[in-house]
Peer 1: 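I'd like to ask some things about the structure below.
Predicted model, so just to flag it, every value in this text is computed and none were measured.
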Amino acid sequence: MKITYIEIYRFSIPMEPFVIATGTMHFAQNVFLKIYTDQGIYGVGECSAFPMIVGETQETCLSMARDFAKIWIGKDPLDIPARMNDLLGYAAHNSTIKSAFDMALFDISAKKANLPLYRFLGGQKRRIETDMTIGIDSPENMALSALKYQQQGCNILKIKLGKKVHEDIERVAQIRKAVGEELTLRLDANQGWSFDDALLALGALEKYNIEFCEQPMRTWYDDRLPELKLNSPVKLMADESCYNHHDARKLINSQSCDYLNIKFSKSGGILEAQKIHELALQTGMKCMIGSMLESRIALTANLHFALASPNVIFFDLDTCLLGHLVDPVSNGLSYDGYLLDVPELAGIGADADPEFLKTCEKWLVKD
């Protein structure tokens with residue numbers, strides 16, 4: 001099998017403004033790919049640029065995508081490690097756009113095997129329940145959002161923090177008061193606190209029965225994570241500190257955290273995500289599958305990966321519920337409340353709506 005041509009789309013999805021510690025997003029800055037082969041099979045991939053975290057914009061992703069596509073024309077899409085090494089040999093980093101290319105290769109391989117991706121990866125169906133994320137706002141408005149989600153049947157809330165530490169404590173206090181003791185609460189500071197702020201916040205928040213806190217400090221304070229973990233009454237999850245399996249190894253060996261958050265936009269796709277999961281599995285460290293602002297295309301691929309990864313026990317796959325104003329996807333994962341399922345279709349089982357694609361800027365790369 002050979003790659004014959006690749007279509008690249010500016011896949012912008014309008015959304016309600018979403019605020020985290022590092023910035024505000026007004027639309028999902030996504031890129032969508034279709035990789036075609038000489039055997040009539042094509043694979044789809046999607047990524048969501050999140051510049052304030054991963055450092056890539058939609059423009060950098062589109063530019064690198066055109067370069068990457070040229071490298072792959074005429075090559076075998078079924079040799080996924082070799083193809084991803086092609087991209088690594090051309091450019092370090094750029095994990096977000098690399099994840100879209102990786103995803104399309106796995107889609108092709110699973111379609112070639114005529115299997116849903118989770119079965120191609122050796123997985124099986126299990127119960128998957130996503131959390132729901134509350135963006136940073138006033139404590140009162142965040143409590144109202146929490147109450148709304150609870151009334152809609154949500155059992156797990158993820159609370160964005162990382163601004164002024166005393167206000168953050170009040171945000172959690174008001175949310176816990178509003179929803180009672182039944183709901184699971186998770187925190188995500190998105191690198192917003194200093195070491196001292198993190199220590200203060202986590203000590204004060206323990207009484208609200210917090211499941212864990214993601215990425216309390218900037219990654220340049222990773223050397224202080226072991227000290228924070230030792231003194232924190234709340235379990236810590238590494239997110240921005242863990243891109244690849246080398247990061248995972250260092251975090252595990254230094255006893256820096258309790259959990260790892262795997263995201264394709266950080267790992268560069270499924271291939272590297274598998275390596276992180278395998279390392280975590282060997283050492284007993286549980287993982288979460290997370291996402292940026294992807295549509296149901298990439299979220300479906302995330303769910304397939306999770307179904308084949310038994311050490312992934314936390315699920316943060318709510319991004320298209322966070323105010324996407326359109327759903328530009330055919331087939332793909334389904335939501336039953338906050339329970340998720342993938343279709344029994346070959347490959348990822350999701351594609352872009354052809355009518356939506358007609359509205360997208362497009363590039364074609366071939367010989």
Peer 1: If you compare all heavy atoms of Ser254 against all heavy atoms of Pro226, which two are closest, and at what distance to 0.1 Å?
Peer 2: O-CG, 3.4 Å
Peer 1: Please confirm whether the backbone N or O of Ile252 pairs with a side-chain atom of Ser256, one donor and one acceptor, at under 3.5 Å?
Peer 2: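 No, the answer is negative, given that no donor and acceptor are paired below the 3.5 Å cut-off.
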Peer 1: Measure the CD1-SG distance between Ile297 and Cys320 for me, rounded to the nearest 0.5 Å.
Peer 2: 10.5 Å
Peer 1: Answer yes when Lys158 and Asp316 have at least one side-chain N-carboxylate O distance shorter than 4.0 Å, and no when they do not.
Peer 2: yes
Peer 1: Determine the interplanar angle of the His304 and Tyr118 rings, folded into 0 to 90°, and report it as parallel if under 30°, tilted if 30 to 60°, perpendicular if over 60°.
Peer 2: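 Rings of His304 and Tyr118: parallel, as their planes differ by under 30°.
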Peer 1: What I'd like to find out is whether the side chain of Cys360 reaches to under 4.5 Å of the side chain of Phe32, using heavy atoms alone.
Peer 2: no
Peer 1: Around atom CG of Asp223, are there more than 12 heavy atoms of other residues, nucleotides or ligands at under 6.0 Å?
Peer 2: yes
Peer 1: Would you please say whether a donor-acceptor pair under 3.5 Å links the side chains of Gln282 and Glu278?
Peer 2: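 Yes, Glu278 and Gln282 have a side-chain donor paired with an acceptor closer than 3.5 Å.
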Peer 1: With no hydrogens and no angle check, just 3.5 Å: does a side-chain donor-acceptor pair link Gln29 and Thr57?
Peer 2: no
Peer 1: Just one of Glu214, Glu240, Gln215 clears the side-chain contact (heavy atoms from CB on, under 4.5 Å) bar with Asn190, so which one?
Peer 2: Glu240
Peer 1: Kindly say whether the aromatic ring centers of Tyr338 and Tyr149 come within a distance under 6.0 Å.
Peer 2: no
Peer 1: Can you see which heavy atom on Asn261 is nearest to which on Gly290, and at what distance?
Peer 2: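 Residues Asn261 and Gly290, closest heavy atoms: OD1-N, 3.4 Å.
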Peer 1: Got a donor-acceptor contact below 3.5 angstrom from the Arg176 side chain to the Gly180 backbone?
Peer 2: yes
Peer 1: Looking at side-chain heavy atoms only, is the closest gap between Arg10 and Val31 below 4.5 Å?
Peer 2: no
Peer 1: When rounded to the nearest 0.5 angstrom, what is the spacing between CG in Leu115 and OG in Ser109?
Peer 2: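 So the gap between those two atoms works out to 11.0 Å.
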Peer 1: Just how far is it from atom NZ of Lys275 to atom CD of Glu272, taken to the nearest 0.5 Å?
Peer 2: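 It is 5.0 Å, given to the nearest 0.5 Å.
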Peer 1: Can any side-chain N or O of Thr300 pair as donor or acceptor with the backbone N or O of Gly332 at less than 3.5 Å?
Peer 2: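 Answer holds: no.
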Peer 1: Report yes or no: do Gln58 and Ser12 form a side-chain donor-acceptor pair below 3.5 Å?
Peer 2: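 Yes, side-chain donor-acceptor contact under 3.5 Å.
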Peer 1: Checking side-chain contact (heavy atoms from CB on, under 4.5 Å) against Tyr208, which of Ile159, Leu187, Val172, Val234 comes through?
Peer 2: Val172
Peer 1: Quick one: do Ile262 and Leu225 end up in the same hydrophobic cluster if we chain Ile, Leu, Val, Met, Phe, Trp and Tyr together by side-chain heavy atoms under 4.5 Å apart?
Peer 2: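 Shared cluster, yes.
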Peer 1: Going by atom types alone, do Tyr42 and Asp351 pair a side-chain donor with an acceptor below 3.5 Å?
Peer 2: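 On atom types as modelled, these side chains qualify, holding a pair under 3.5 Å.
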Peer 1: Using a cut-off of 6.0 Å, state whether more than 12 heavy atoms not belonging to Glu227 lie near its atom CD.
Peer 2: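 Counting other residues, nucleotides and ligands, CD of Glu227 exceeds 12 neighbours.
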Peer 1: For Arg127 and Glu129, what are the C-alpha separation, side-chain angles and deciding distance, and is it a salt bridge (Lys or Arg N to Asp or Glu O under 4.0 Å)?
Peer 2: CA-CA 7 Å; Arg127 188 179 188 275; Glu129 182 175 12; 3.3 Å; yes
Peer 1: Looking only at heavy atoms, which two atoms of Leu33 and Ile8 are closest? And how far apart?
Peer 2: CD2-CG1, 3.7 Å
Peer 1: Are Lys164 and Asp168 close enough for a salt bridge, meaning some N to O gap below 4.0 Å?
Peer 2: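 Salt bridge flag = no for Asp168 with Lys164.
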Peer 1: What pair of heavy atoms forms the shortest contact from Lys235 to Glu211, and how long is it?
Peer 2: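 Where Lys235 meets Glu211 most closely, the heavy atoms are CB-O, 3.9 Å.
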Peer 1: Give the cluster check for Val329 versus Leu325: same hydrophobic cluster or not, with ILVMFWY residues linked at side-chain heavy-atom distances below 4.5 Å.
Peer 2: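 No, because Val329 and Leu325 fall into different hydrophobic clusters, even though each may have its own neighbours under 4.5 Å.
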Peer 1: Look at the side-chain heavy atoms of Ile, Leu, Val, Met, Phe, Trp and Tyr, link any pair under 4.5 Å apart, and say whether Ile97 and Ile71 land in one connected group.
Peer 2: yes
Peer 1: Above 12 or not: heavy atoms from other molecules or residues under 6.0 Å from NZ of Lys366?
Peer 2: no
Peer 1: Ignoring hydrogens and angles, state whether a donor on the side chain of Ser241 or Asp222 is under 3.5 Å from an acceptor on the partner side chain.
Peer 2: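 Per modelled atom types, Ser241 and Asp222 side chains form a pair under 3.5 Å.
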Peer 1: Atom CG in Leu307, atom CD1 in Ile289: separation rounded to 0.5 Å?
Peer 2: 10.5 Å
Peer 1: Please report the interatomic distance CG(Leu183) to CG(Asp131), rounded to the nearest 0.5 Å.
Peer 2: 11.0 Å
Peer 1: Compare every heavy atom of Leu260 with every heavy atom of Ala248, then report the nearest pair and how far apart it is.
Peer 2: CB-CD1, 3.8 Å
Peer 1: Verify whether one side chain among Asn302 and Ser291 offers a donor that lies under 3.5 Å from an acceptor in the other.
Peer 2: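 Distance-only check fails for Asn302 and Ser291.
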Peer 1: Going by heavy atoms in the side chains, are Met1 and Pro77 under 4.5 Å from each other?
Peer 2: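 A side-chain contact under 4.5 Å exists here.
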Peer 1: Working note: Trp363 + Tyr9, criterion ring pair (Phe, Tyr, Trp, His ring centres under 6.0 Å); need CA distance, chi angles, decisive distance, verdict.
Peer 2: CA-CA 7 Å; Trp363 292 264; Tyr9 294 88; 8.7 Å; no
Peer 1: Pairing donors with acceptors under 3.5 angstrom, does anything connect the side chains of Tyr5 and Glu7?
Peer 2: no
Peer 1: For Glu361, does the CD atom sit with more than 12 other heavy atoms under 6.0 Å from it, leaving out its own atoms?
Peer 2: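 Above 12, so yes.
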Peer 1: Run the side-chain hydrogen bond (donor to acceptor under 3.5 Å, both in side chains) test on Glu56 and Thr96 for me, step by step, so that the C-alpha distance in whole Å, both residues' side-chain angles and the decisive distance to 0.1 Å come before the verdict.
Peer 2: CA-CA 7 Å; Glu56 294 171 75; Thr96 298; 3.0 Å; yes
Peer 1: Is it true that Arg171 and Glu140 have a side-chain N and a carboxylate O under 4.0 angstrom from each other?
Peer 2: no
Peer 1: Side chain of Thr184, backbone of Ile156: donor and acceptor closer than 3.5 Å?
Peer 2: no
Peer 1: Is the shortest side-chain heavy-atom distance between Lys263 and Ser99 below 4.5 Å?
Peer 2: no
Peer 1: How long is the gap from CG on Leu87 to CH2 on Trp72, to the nearest 0.5 Å?
Peer 2: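 Answer rounded to 0.5 Å: 5.0 Å.
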Peer 1: Are any side-chain N or O atoms of Asn244 and backbone N or O atoms of Asp247, one a donor and one an acceptor, separated by less than 3.5 Å?
Peer 2: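 Yes; judged by distance alone, with no hydrogens or angles, the pair exists.
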Peer 1: Are Asp38 and Lys2 ion-paired here, with the side-chain N under 4.0 Å from a carboxylate O?
Peer 2: no
Peer 1: Working note: Phe264 + Phe305, criterion ring pair (Phe, Tyr, Trp, His ring centres under 6.0 Å); need CA distance, chi angles, decisive distance, verdict.
Peer 2: CA-CA 10 Å; Phe264 294 167; Phe305 166 77; 5.7 Å; yes
Peer 1: Do Trp220 and Tyr243 sit in one hydrophobic cluster, given that two such residues count as connected whenever their side-chain heavy atoms are within less than 4.5 Å of each other, even indirectly?
Peer 2: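 Yes, same cluster.
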Peer 1: Is there a salt bridge (Lys or Arg N to Asp or Glu O under 4.0 Å) between Asp107 and Lys111 once you walk through the steps?
Peer 2: CA-CA 6 Å; Asp107 191 27; Lys111 284 175 176 172; 3.1 Å; yes
Peer 1: How far apart are the closest heavy atoms of Val44 and Lys34, and which atoms are they?
Peer 2: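 Taking every non-hydrogen atom into account, CG1-CG, 4.1 Å.
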Peer 1: Can you check salt bridge (Lys or Arg N to Asp or Glu O under 4.0 Å) on Lys266 and Asp239, steps first, answer last?
Peer 2: CA-CA 9 Å; Lys266 295 183 301 165; Asp239 182 4; 2.7 Å; yes
Peer 1: Would you say that His245 contacts Gln274 through its side chain, given a criterion of any heavy-atom pair below 4.5 Å between the two side chains?
Peer 2: no
Peer 1: State whether Lys286 and Asp258 are salt-bridged, where the test is any N-O pair (Lys NZ or Arg NE/NH1/NH2 against Asp/Glu carboxylate O) under 4.0 Å.
Peer 2: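 Between Asp258 and Lys286 there is no salt bridge, as every charged N stays at least 4.0 Å from the carboxylate O atoms.
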Peer 1: Any chance the side chains of Asp341 and Ser334 put a donor and an acceptor closer than 3.5 Å?
Peer 2: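 Their side chains do not contain a donor-acceptor pair, so the 3.5 Å distance test is not met.
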Peer 1: Report the C-alpha distance between Ile276 and Ser267 in whole Å, list the side-chain angles of each, state the deciding distance to 0.1 Å, and finish with yes or no for side chain to side chain contact (heavy atoms under 4.5 Å, CB included).
Peer 2: CA-CA 8 Å; Ile276 298 171; Ser267 70; 4.2 Å; yes
Peer 1: Take Phe195 and Tyr221, measure what ring pair (Phe, Tyr, Trp, His ring centres under 6.0 Å) needs, and give me the verdict at the end.
Peer 2: CA-CA 8 Å; Phe195 178 86; Tyr221 295 127; 8.5 Å; no
